[in-house]
Structures are given as C-alpha cells and as structure tokens.
Amino acid sequence: MTLSLTETSENFGPCAMVIFGATGDLTKRKLIPALYSLSMDHRLPDKFSVLGYARSEMNDEEFRRKMRDATSEFSGAGLKNETAWEKFAQQLYFLPGNYQEPKDYLRLKEALAKLDRRNRIFYLAIPPDLYAPVIRQIAAAGLAGRGTENGRWTRIIIEKPFGSDLATAKALNREVHEVFDEEQVYRIDHYLGKETVQNILVFRFANSVFEPIWNRRYIDHVQITAAESMGVENRNGYYEKADMIRDMFQNHLLQLLCLTAMEPPVSFTADAVRDEKAKVLRAIRPISPAEGSPVAVRGQYASGTAGGKEVVGYREETGVDPKSMTETYAAVKLSIENWRWQGVPFYLRSGKRLAKRVTEVAIHFKKPPLLLFKACPVEQLSPNVLVLRIQPDEGISLTFEVKEPGPEVCVNSLSLDFSYQTAFGTAPPEAYETLLLDCMRGDSTLFTRQDWVELAWSLLTPLLESWQATRAENFPTYNAGSWGPEEADAFIERDGRRWRRP
Ligand code: NDP
Ligand code: BG6
C-alpha cells in the first residue's frame, strides 16, 4: 500500500507468478485482468512472467487466447489496446500438471528455471482443501525457500477462505509455517485492496477533525452493511459448504470493523497497522449465543425479484440441496470492550439477494442533548450520520440538520457529499491490482496476518457451532429483493435503533 499518488515505475526485480488453478474463475475474472491493467500502467517489473498451472491440458497459446477473451469480458476497461495486450500476453505461460503429483512439480521447477526470474510468487487460486497439499508439494520440490535467500525472495498468496473454523485455520497455519515464514505469506482479503477501504485509514488519520469525536462520547452506534443483489450465482458448490458467516463476516466485515475501530498505529508499517487491528478483535466481547438477548440473526433467501426479474429461492438454485439450511443472510451485534468503544454497538449485516448492492460503514452520532427549537422536538431531529460508501458510488457523506427557509425554525436533514467519480473523474482501481502489486513490493499491510485470522475465527466459531446445532429450528427466510428477514428488523429495533435503507 503506498500513499504516493505519483509513483509510476517499480523496481523490485524479475518476478514469476505461478498461479495454481489458472483455468478457474478467479484467474480469468480477477487476476489476469488485474495484471493486464498493471502492465498497461507500466507497474509490472520489466522481467515478469505468469505461469498458469492446472490439470486441464492446454498450451501457452491456448492459455493466452482464453485469457485474452476473459480480459476483454471482465476487465473494467476492456482490452483497450491490442498491441499492449500482445506485449502482455507474451509473458503468459501454461503448464498442465496435477496438484498432488511430485513429478509434475519437478517439471514446474524446470519451467521456472527456464523463465529465469529471480523472485517467485505462488498464488493458490484453487479450492481450499488443496492449499495444504500444494504447499507440501512446493516444499518437496525445493521451490519454497525461507525468507530472502541470496537476494531472491519467494512469497505465497493464499486465497480465502482460510480455514472453515478456528481448528482448521490453526491447522492450515501450521502447515503453511512448516514451509514458509510468516513474512512470506500473503493471505488475501480482497476488501482490503479496495480503494475506499484503504481510505478509511486515510480519512481517520489524515484529518484531525474526526478523531476527537471518534469514540463513545459522540457515537451512538455503527452499522456495517455488505448487501448484494446477486444470489450465489455459479459458486453454489462452494457456498453450500461456506455460508454467510464464513464467506463474508470472518473476513470482509470484520476487516471493515477493525479499520473503523482501531487505534492510530505507531507508524504506517504492515505490522504496526496489523497490531492495532488484532487488538480490536481481542477487545470484542466473545459471542455467547446462549445468552439472553440474541446477538445474531440469520436467514435464507426465498424467491422474489432482482433487477426487475423473477428469481428463484436459494434452495431452488442449481446444485443446492432443496432442504439446505445454509444461511445467505446474517446480522451480528458486536461490543468492543475498550475505552474508546465501551457501550457503542457495532451492527454488522450482509446478505445475498437483498434489495440492492451496497457496502458501507455508517457512523451514527448521538442526538443533541437539548430541545432548543420548539417547532421541532428533539425526537424529530435526525442524528448526524457519517457514511463511508465502500461501493458502488464510492464516496463519503455526512448528514446534518439545517434550518428550512421560512419564518419558523423548522429543521431538515441535508448531506455533504464526496464522490470518487466526481472528484477524481475515474472509478477506483480494482482491488486485485493493488494487492498483487503490494505482494510484489513485499508490503503486507493489506494482507491478513496469522494472529488476525485466528482471532476472527475464534470470535465467530461459537456462533457457527450454535447455528449448526440449531439449524433445524427457527430458520427465517426473506424474499429475494427485500432487505432481509423481519427478524433482523426486530433484532435492531429491540435496541431502539433501525437499519439504514441505503
Ligand atoms: P474454481 O472452482 O474455478 O477452481 C479453480 C481451478 O481449480 C479449476 O479451474 C480447476 O482447474 C481446479 N479445481 C477445481 N476443483 C477441483 C478439484 N475438486 N480438484 C482439483 N482441482 C480442482 O475456483 P475459483 O477460481 O473460483 O477460486 C479459486 C480460489 O479463490 C478458491 O479458494 C476460492 O474460494 C477463492 N476465491 C474465489 C473468488 C472468485 O470470485 N472466484 C472470490 C474470492 C475467493 P483444473 O481442473 O484445470 O486443475
Ligand atoms: C467474496 C465472496 O469474497 O466476496 C462472495 O466469496 C461475494 O460471495 C464477494 O459475492 C463480494 O465481493 P465484492 O467485491 O463484490 O463486494
């Protein structure tokens, strides 16, 4: 992560990126388009190669053709420039191989030696149950290397999900550390690569006006929303085994919470930032689902409408068990027990097939203490809300009360608004561009550290276990295109608050 807006050339030495699972969805939709965009911006090292590795038989030319089609379809800007694509494509190679076959890793080693790139990144874009076996094979072939050896470095990027509960995450961390030092490990949470997510830190720590009021004296509560209008699309096989807490809360939502709630780090280095984020998770009161008032609600989408079209319910999606009890919606209330946040609830919610796609962090300030304007009772005032709009329509807004023109003192809500598109004339870059570049630079600020991933799982595992044990009972549904189950409204209204309808 760099705070310089002017940097254009990079100098981190020749680098080869091996993508395991290079025939998959992530590679074609995100990784190759991101690398192409970096190449267009002259941000890749001069000597750079991608070596795609997967079981499917393909030669370099076929791989290049498939990646061209994918980039043309999935890159925000499209291909734009055939010559630039051709230049980039010359750096793409493909090696068919099995993920668990030692002989194939020796061929991989030979192929890498031929490419003659000093530094290496291994990207695990494969199903999660293959992470550990592939890491073992990388080590067995002598491809891992600890830290920086003889001026060359080796790094590994591991996709999410990292484990499916605390025990599996710990076991995976042990496997990873058998082979790689923590400094070599880049656990991806693509939310951290989003410009607007990084901007939470800049907004908080590069402005002096907000920090004094960023605490329990002025803030009533915080709502963090990641709503999607999409269903599970073509990822139902994965999603049936995941669910909402594993898919969105353990990573993206908790990261947003940490960036919003953390103390200022002592410096802007990877460990200083990640230390503060880990402290937030340590300060969260453990979730005890058995306690009196509910700390979380869940739901699953039924049929309804999305984008003006009739859509089926989750259980009718192709490949989903017609009796599936997998949650596609969750709302969780968390309490951070430290001096800054004591008594300020953080409400987190995420759902598929909700009314619209929107991700935001909304800071709800307290109401003014006193009734001054007789024509307008204090209960009618809308407390100030600062909204950090992560996506789409990236920006920031602050609502405040103003006097309506006229002889009476009547108060109305307006908002100050900042929009990325209007201010900078461009949409923010794709998260994967930032993350891939940061990994090449050796900057792990925007990647998840071992302690954080385990703390996140240790917070949520009791909830997962409790929901698993009670899946047959009390399982609310919601219509596709709505804002979630009625139970979620009752959940927050019990505290005298309401969900935003962004
Ligand atoms: P895919 O399901 O598309 O799988 C990637 C590749 O892995 C496939 O092309 C296939 O290649 C190989 N593969 C798939 N299933 C198996 C299997 N059972 N045994 C052996 N090989 C298999 O995954 P994605 O590309 O969608 O995701 C890759 C990783 O990234 C996953 O861990 C996922 O959770 C994560 N991720 C993906 C996101 C996305 O948007 N797609 C978003 C966030 C995370 P071949 O058969 O040719 O070897
Ligand atoms: C992924 C989840 O990590 O994030 C998906 O696995 C989800 O289920 C996606 O749709 C949301 O990402 P974004 O960037 O579209 O908000």
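All of these numbers come straight from a predicted model, not from anything done at the bench. Read the numbers this way: they start at 1 and go in the same order the structure lists the ligands and their atoms. Positions are given from 1 along the sequence.
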Should the pair [X] and [Y] be assigned to parallel (<30°), tilted (30 to 60°) or perpendicular (>60°) ring geometry?
X    : Y    : answer
H252 : Y191 : parallel
F63  : F94  : tilted
Y53  : Y105 : tilted

Notebook entry, point to check: Taking non-hydrogen atoms only, is M244 closer than 4.0 angstrom to ligand 2 via side chain, backbone, both or neither?
Noted result: neither
Next item on the list: For ligand 2, note which part of Y191 has a heavy atom under 4.0 Å away: side chain, backbone, both or neither.
Entry: side chain
Provide the number and element of each atom of ligand 2 under 4.0 Å from a heavy atom of [X].
X    : result
K160 : 1 (C), 2 (C), 3 (O), 6 (O)
R235 : 2 (C), 5 (C), 6 (O), 8 (O)
K352 : 5 (C), 7 (C), 8 (O), 10 (O)
H252 : 1 (C), 3 (O), 4 (O)

Checklist line | CZ on R497 to NE2 on H364, rounded to 0.5 Å | finding: 9.5 Å
Item checked: Inter-residue atom distance K352.NZ - Y301.OH, 0.5 Å rounding -> 8.0 Å
Identity and separation of the nearest protein heavy atom to [atom]:
atom                    : value
atom 14 (O) of ligand 2 : K194 NZ, 2.6 Å
atom 6 (O) of ligand 2  : D247 OD1, 2.6 Å
atom 15 (O) of ligand 2 : R357 NH2, 3.6 Å
atom 11 (C) of ligand 2 : E228 OE2, 3.7 Å
atom 12 (O) of ligand 2 : H190 NE2, 3.2 Å

Item checked: Cation over ring face, R64 and Y93, 6.0 Å, 45° -> yes
Hey, what polar pairs (N/O, under 3.5 Å) does ligand 1 make with protein?
| residue | atom | partner | partner atom | Å |
| --- | --- | --- | --- | --- |
| ligand 1 | 3 (O) | D25 | N | 3.0 |
| ligand 1 | 9 (O) | T23 | OG1 | 2.7 |
| ligand 1 | 9 (O) | G24 | N | 3.1 |
| ligand 1 | 11 (O) | T23 | OG1 | 2.8 |
| ligand 1 | 19 (N) | R55 | NH1 | 3.4 |
| ligand 1 | 21 (N) | R55 | NH2 | 3.2 |
| ligand 1 | 25 (O) | D25 | N | 3.1 |
| ligand 1 | 25 (O) | L26 | N | 2.8 |
| ligand 1 | 32 (O) | I126 | O | 2.8 |
| ligand 1 | 32 (O) | Y131 | OH | 2.8 |
| ligand 1 | 34 (O) | K160 | O | 2.9 |
| ligand 1 | 40 (O) | R29 | NH2 | 2.7 |
| ligand 1 | 41 (N) | D25 | OD2 | 2.7 |
| ligand 1 | 46 (O) | R55 | NE | 3.1 |
| ligand 1 | 46 (O) | R55 | NH2 | 2.8 |
| ligand 1 | 47 (O) | T23 | OG1 | 2.7 |
| ligand 1 | 47 (O) | R55 | N | 3.4 |
| ligand 1 | 47 (O) | S56 | N | 3.1 |
| ligand 1 | 47 (O) | S56 | OG | 2.5 |
| ligand 1 | 48 (O) | R55 | N | 2.7 |
| ligand 1 | 48 (O) | R55 | NE | 3.1 |
| ligand 1 | 48 (O) | Y99 | OH | 2.8 |

Margin query: Name the residue from K160, K277, Q255, R187 that meets the side chain to side chain donor-acceptor pair (under 3.5 Å) definition with T448.
Written below: Q255
Next item on the list: Check the pair W452, L254 against side chain to side chain contact (heavy atoms under 4.5 Å, CB included), reporting the backbone distance first and the verdict last.
Entry: CA-CA 10 Å; W452 195 96; L254 284 184; 3.7 Å; yes
Item checked: Audit row: Y420, F418, ring pair (Phe, Tyr, Trp, His ring centres under 6.0 Å) steps and yes/no -> CA-CA 7 Å; Y420 265 82; F418 149 66; 5.1 Å; yes
Item checked: Taking every non-hydrogen atom, the tightest pair across A456 and L281 -> N-CD1, 3.7 Å
Next item on the list: Write down the atom of L92, the atom of D60, and the distance for their closest heavy-atom approach.
Entry: O-CB, 4.4 Å
Check: Quick one: does N119's side chain have a donor or acceptor within less than 3.5 Å of a partner on W153's backbone?
Finding: yes
Note to self: With nothing but distance in play, are any N or O atoms of Q391 less than 3.5 Å from an N or O of ligand 2?
What the structure shows: yes
